[in-house]
Amino acid sequence: MATATFKASPDSAPRRSHGVPRGQERTPFPASSIATPQERVVALLLPVAAFFLSWWQVGRLPNLNISICDILLLVCAVAILTSRGLNGAMFGRMSIAWIMGVILLIGGMLVGSLAHGEFLRWPVVGGQYAFAFLLIPMLLTTCSRSLLERCAIAYVLGVATSQAIGVALTGTLDYETITRYVNRHVVTGNGRLGAMTGEPNSNGAVCTFALIFLLHAVINNRIRRVYAAGLALLIIAGLVASASFTGVAAATIAVLLVLVLSQLRLVVTLAIPVALAITGYVVLDGPVPAAFEQRVGEAVMTGDPTKAGTFVGRTVLIKEAWDMADQNLVIGLGSDGYRRTSVYGMPVHQLYLLVLNEGGVLSFLGLCLIMVAMLVEAIILMGRNRVDGVCCLAGFAVFFIYTMSLPHMFGRMWNGPPLLLFALANAGILALGQRVPAGIREHHRRVAP
């Protein structure tokens, strides 16, 4: 099936670098003949990890914030580390800013944890951020574009499969049966689809990221458009069933960014057919989940954001966090300190205010530096490869939108997709031999087998 569906990318084969001295161009991993058993392991397991990247609740170990995908990623990282070394310049020209941002983010929370005598929680939170924002991008940017493209396709298929399973279950079984015999996270009590991700808002996010990867694959002729249209409809069905206002808004913004800023012909060849199918479904009065009508449809039709799901409840937490911030600017409350201090007993669903209260101004500046690094790198990439750069910009936009409506986002289903987009774009630049910083070229020369 894969052979009939997906095409080889013109960027997947290594090319002679223009303007890069012989011997310094990047040797892609895996090369045509994989040198070590460790690299064979990575070539096999990394696409599998990408497939299960969105399967958070179903694939998570009981009572732990570790999923099957995380274990596979860790195995791949150890394998590459023992074989050829990881890429320290994992974010292009913005690598130093990125690393400094992560250090400030987790360092501020360390200071707060020590000051309040609550150190035991910091290694968990700090370790999660280090794994998600340092180790994973180092792993991904060590790989070739061809391997990363397979990971991107695997991610799309994983999300589409998750939605297919979720929609099929909710269409044939009732809530009690699904909860008892399948998983209590597939669907909520009010009918919102969590699918294999396990939570409706998270499911809306992975659907949005999958649409970006799907458009990227279509533009680069990695997947036939007839199959892409089918996958898009399946993913959109899952997005609608998740009834996430944030997910629908993020998906609309991301898709418009890719279509308008990259290739307008996609509007004719892909977007219009999908839009016509959706329009026809609505005109024919096809069934729409009641949760979607209540949480998304009413807010869109009336233009009143207070009707979008739990908007009002979140604003209460945001006001509380804003009022508390003055007391925590220098020394924060420490990792998970907000939950213990809040009168509501839960973290504020706004990452910037949460980080400001738990890590003080150091962590807040670190998070801002991370976001600036992503934005600037996306703009730089747009100047080198427009399609890759635009997709990175869309991925950043989605990630930024969710930082405004969620607490800690070190879960790999949140940061894994945008990091894969950036790694894919940087791998494309190195494969094409375009102008890259000398430090990055030198690193890849040293780690190449």
Side-chain angles (χ1 to χ4, degrees), residues 53 65 73 86-113 122 124-141 205 208-209 212 250 254 321 325 328-329 332 334-336 338 347-382 389 391-426 437 440:
L53 186 59
N65 202 33
L73 289 171
L86 294 168
N87 183 7
M90 68 288 200
F91 227 75
R93 292 184 177 179
M94 301 305 296
S95 296
I96 295 178
W98 178 269
I99 294 171
M100 286 300 301
V102 177
I103 292 174
L104 289 174
L105 175 63
I106 62 180
M109 287 186 281
L110 172 61
V111 172
S113 297
W122 180 85
V124 176
V125 176
Q128 291 275 358
Y129 271 116
F131 179 67
F133 286 92
L134 293 178
L135 187 61
I136 290 179
M138 291 170 67
L139 166 65
L140 293 177
T141 52
T208 301
F209 284 126
I212 298 174
N328 304 313
L329 287 178
S335 301
D336 276 353
Y338 190 95
V348 59
H349 282 57
Q350 216 275 5
L351 184 58
Y352 300 90
L353 285 175
L354 178 62
V355 164
L356 180 61
N357 277 279
E358 292 193 348
V361 70
L362 281 181
S363 290
F364 178 77
L365 290 176
L367 177 61
C368 292
L369 190 55
I370 288 173
M371 303 307 294
V372 169
M374 292 182 73
L375 176 59
V376 173
E377 181 66 8
I379 294 173
I380 292 173
L381 290 169
M382 284 179 62
C391 288
C392 288
L393 183 63
F396 162 77
V398 174
F399 186 75
F400 175 76
I401 288 171
Y402 275 95
T403 62
M404 303 299 291
S405 59
L406 289 171
H408 285 303
M409 291 177 63
F410 47 67
R412 267 58 70 189
M413 66 179 170
W414 297 112
N415 45 65
L419 291 176
L420 178 56
L421 282 168
F422 279 94
L424 189 57
N426 276 301
I440 298 178

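Values below: all heavy atoms of this structure, side chains included; hydrogens, waters and symmetry mates excluded.
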Inset, instruction - For L353 and N357, work out which heavy atoms get closest and say how close. - result: O-ND2, 2.9 Å
Legend entry - Under 3.5 Å: donor-acceptor pair, side chain of E358, backbone of M109: no
Inset, instruction - Return the minimal non-hydrogen interatomic distance between L367 and L105, and the atom names on each side. - result: CB-CD1, 4.3 Å
Legend entry - L406 side, atom CG; I401 side, atom CD1 - distance, nearest 0.5 Å: 11.5 Å
Inset, instruction - Starting at CG of L419, measure out to CE of M138 and round the result to the nearest 0.5 Å. - result: 13.0 Å
Legend entry - Pairwise distance CE(M90) to CD1(I136) - rounded to 0.5 angstrom: 11.5 Å
Legend entry - Side chain S363, main chain V355, donor-acceptor under 3.5 Å: no
Legend entry - For L393 against L375, the heavy-atom pair lying closest together: CD1-CD1, 3.8 Å
Inset, instruction - Count the heavy atoms belonging to other residues, nucleotides or ligands that lie under 6.0 Å from CE of M371, then report whether that count exceeds 12. - result: yes
Inset, instruction - Kindly say whether I106 contributes a backbone atom to a donor-acceptor pair with the side chain of W122 at under 3.5 angstrom? - result: yes
Legend entry - Rounded distance [0.5 Å steps], CG in L73 versus CG in L135: 8.5 Å
Inset, instruction - Please name the pair of heavy atoms, one in F410 and one in A132, separated by the smallest distance, quoted to 0.1 Å. - result: O-CB, 3.4 Å
Inset, instruction - Say whether Q128 and H408, considering side chains only, have a donor N or O and an acceptor N or O under 3.5 Å apart. - result: no
Legend entry - Where L421 and G395 come nearest, the two heavy atoms and their spacing: CD1-CA, 3.9 Å
Legend entry - Whether Y338 side chain and A321 backbone form a donor-acceptor pair below 3.5 Å: yes
Legend entry - Greater than 12 external heavy atoms within 6.0 Å of I379's CD1: yes
Inset, instruction - Grab the two heavy atoms, one from L354 and one from P347, that are nearest each other, plus how far apart they are. - result: CD1-CB, 4.1 Å
Inset, instruction - Measure the spacing between CH2 of W414 and OG1 of T403 and express it to the nearest 0.5 Å. - result: 10.5 Å
Inset, instruction - Using ring-ring contact (aromatic ring centres under 6.0 Å, His included) as the criterion, point out the one residue from F91, F422, W98 that pairs with F133. - result: W98
Legend entry - Nearest-0.5 Å distance, OG of residue S113 to CG of residue D336: 8.5 Å
Legend entry - Exam field: side chain N415 to backbone M409, donor-acceptor pair closer than 3.5 Å: yes
